[in-house]
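Written below as structure tokens is the structure these notes are about.
The analysis underlying the following values was restricted to heavy atoms, covering all of them including side chains, and did not include hydrogens, waters or symmetry mates. Whatever order the structure lists them in is the order used to number ligands and atoms, beginning at 1.
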Amino acid sequence: MTASAPSPELIGGPGLPQRRELRTEVPGPLSRELAARRSAAVSAGVSSTLPVYAAAAGGGVLVDVDGNSFVDLGSGIAVTTVGNSAPKVVAAASDQLARFTHTCAMITPYESYVRLAEELAAITPGDHEKRTALFNTGSEAVENAVKIARCATGRTGIAVVDHAYHGRTNLTMALTAKNKPYKDGFGPFAADVHRAPTSYPFRDDAGLSGAAAAKRTTDYLERTAGADRLAALVIEPIQGEGGFVVPAPGFLAELARWCRANGIVFVADEVQTGVARTGSWFATDHEDVVPDLITTAKGLGGGLPIAAVTGRAELMDAVPAGGLGGTYGGNPVACAAALAALETIREDGLIARAAAIGEQATARLRALAAADPRIGDVRGRGAMIAVEFVRPGGTEPDAALAKAVADHCHRTGVLVLTCGSFGNVIRLLPPLTIPDELLHDGLDVLADALAQS
Ligand SMILES: *Cc1c(COP(=O)(O)O)cnc(C)c1O
């Protein structure tokens, strides 16, 4: 360690100094040393957006091993919604760690599993009777939602849409739209998956209504898959990896209505949008849509791996005992962390905070867009906001510009992520604990990056 490196006792959480500060070039010497060890030990298939090695994080910053403090506009992909090392999460997980770390919920259960299921029943849309099953990752939750829908309906077909992202396991690769890097070379994929057009207002014909886009989707599925063959429609209410695509108003409601009329299970994949991120508990709340099944993961565990499928009791209970589960699903430390994360969201008013972050960031990005024809679209909800870059005057994607802007941000101490089927979108997913000044500092850097790219 060099003299300027942070002490090994550096503690994360909201007490960490909330400022952007670079002490070395990015990545610094200690991160470069680790990168060399990494390439000799870690699969090249696992990549990193910003190869600085984390030492501590909290509030709205991430500090690396060289002592550089970055503004975090990514939250580890929408996971640390309540901030890194949120005090209640640390306390609850630490307490649980000292009691027992694992029994396997399929062997001897514990109260926190049940309580988390009760909480999820209370916060998910709809006041019907619900059940929950817990898992470890978003992909696992989506796979299990498909299993449940198939088992409950006796049908096998699964409908998904363009630009969708549902994970990297075998079944979820089939549900995911983008070939590289998610699917290329990894087939063959699971059968009976049907991909239909979606609503992408920026790229659809101007004025295409949500209802008309939904009719395009359902007509296509009726023609190519057959509505009576479909067990489920799996859809992200706002697409994540696909580019933060917010569908036209009414699109989701019309799809849900069509699913109901045809006995198809409507599965909202809220792995990225769920749990306060969009300025409500769930993104489907904004559309008054009540999904039959809803998947959650990322923001649920306050940084610990946990995922859930929550939905109609009659669907969830259609699966025979032993049909769902897994060794680690609903791990007690992760359950304790999730309960503490939900409590933090309630007590600290983080749903309103997500909405406020969205208003501030969107206003600034819209002002940038008004002055720069390379910004084709600014969109999102709450603290899930994106900028889509194009060649001026049209909709031709400009992925090189998105990359140049992101690289500039990274070199200047702001962590942003890109996304989109065309790689031309920068997405902002700040922790909801980010102070206003730091958010605005991050947006200043983004504006500078654009001016210089
Ligand atoms: C991230 C994501 C997944 C996959 O979650 P993992 O925890 O990475 O398996 C599934 N669906 C959506 C919408 C996601 O954003």
Side-chain angles (χ1 to χ4, degrees), residues 45-49 74-81 124 133-147 149 158-178 181-183 186 189-190 193 195 198 200 232-247 252 266-278 282-284 289 291 293-311 326 328-331 334 337-338 341 380-386 417-421 425 427-429:
V46 184
S47 69
S48 301
T49 300
S75 298
I77 320 188
V79 168
T80 52
T81 302
T124 49
L134 298 177
F135 304 97
N136 306 289
T137 67
S139 306
E140 237 191 306
V142 173
E143 286 230 21
N144 278 281
V146 168
K147 283 170 62 173
I158 304 298
V160 289
V161 298
D162 275 348
H163 311 290
Y165 181 87
H166 298 294
R168 290 176 144 101
T169 57
N170 187 262
L171 175 57
T172 58
M173 275 192 295
L175 305 181
T176 289
K178 193 174 182 176
Y182 305 127
K183 303 169 78 162
F186 301 136
F189 303 111
V193 172
R195 187 172 313 282
T198 189
Y200 192 154
L233 167 68
V234 181
I235 190 162
E236 300 154 272
I238 298 172
Q239 292 184 318
E241 307 304 299
F244 281 26
V245 181
V246 185
L252 293 170
F266 183 90
V267 181
D269 180 356
E270 294 235 24
V271 165
Q272 189 154 161
T273 51
V275 196
R277 174 57 53 189
T278 66
F282 292 93
T284 37
V289 167
L293 300 178
I294 188 160
T295 56
T296 47
K298 293 190 166 92
L300 181 60
L304 276 82
I306 189 157
V309 182
T310 302
Y328 295 112
N331 168 273
R381 270 197 207 280
M384 181 173 184
I385 309 141
L417 310 177
T418 58
C419 66
S421 287
V425 176
R427 56 172 153 175
L428 306 181
L429 289 163

remark   = Honestly, for K298 the part within reach of ligand 1 (heavy atoms, under 4.0 Å) is side chain
message = Testing V161, D269, V160 one by one against I235 for a side-chain contact (heavy atoms from CB on, under 4.5 Å), which residue passes?
response = V161
key: Heavy-atom pair with the smallest gap, counting every atom of G243 and V425   = O-CG1, 4.0 Å
inquiry  = With no hydrogens and no angle check, just 3.5 Å: does a side-chain donor-acceptor pair link E270 and T284?
reply    = yes
message = Around atom OH of Y182, are there more than 12 heavy atoms from other residues, nucleotides or ligands closer than 6.0 Å?
response = yes
request  = Enumerate the atoms of ligand 1 whose separation from the nearest heavy atom of E236 is less than 4.0 angstrom.
outcome  = 13 (C)
ask   = Purely on distance, is any nitrogen or oxygen of E241 under 3.5 Å from one on ligand 1?
value = no
query = How far is atom 11 (N) of ligand 1 from its nearest protein heavy atom, and which residue and atom name does that atom have?
reply = D269 OD2, 2.7 Å
query = If you measure every N/O of E140 against every N/O of ligand 1, is any gap under 3.5 Å?
reply = no
inquiry  = Below a 4.0 angstrom heavy-atom separation, can you tell me which part of S139, side chain or backbone, both or neither, approaches ligand 1?
reply    = both
message = For I238 versus V246, what's the shortest heavy-atom pair and its separation?
response = CG2-CG2, 4.0 Å
Test salt bridge (charged side-chain N to carboxylate O under 4.0 Å, His left out) applied to E140 and K147, step by step = CA-CA 10 Å; E140 237 191 306; K147 283 170 62 173; over 6 Å; no
task = Would you mind running through ligand 1 and noting each atom that sits below 4.0 Å from a heavy atom of T137?
result = 7 (O), 9 (O)
task = Note the single closest protein heavy atom to atom 7 (O) of ligand 1, along with its residue, its atom name and the distance in Å.
result = G138 N, 2.8 Å
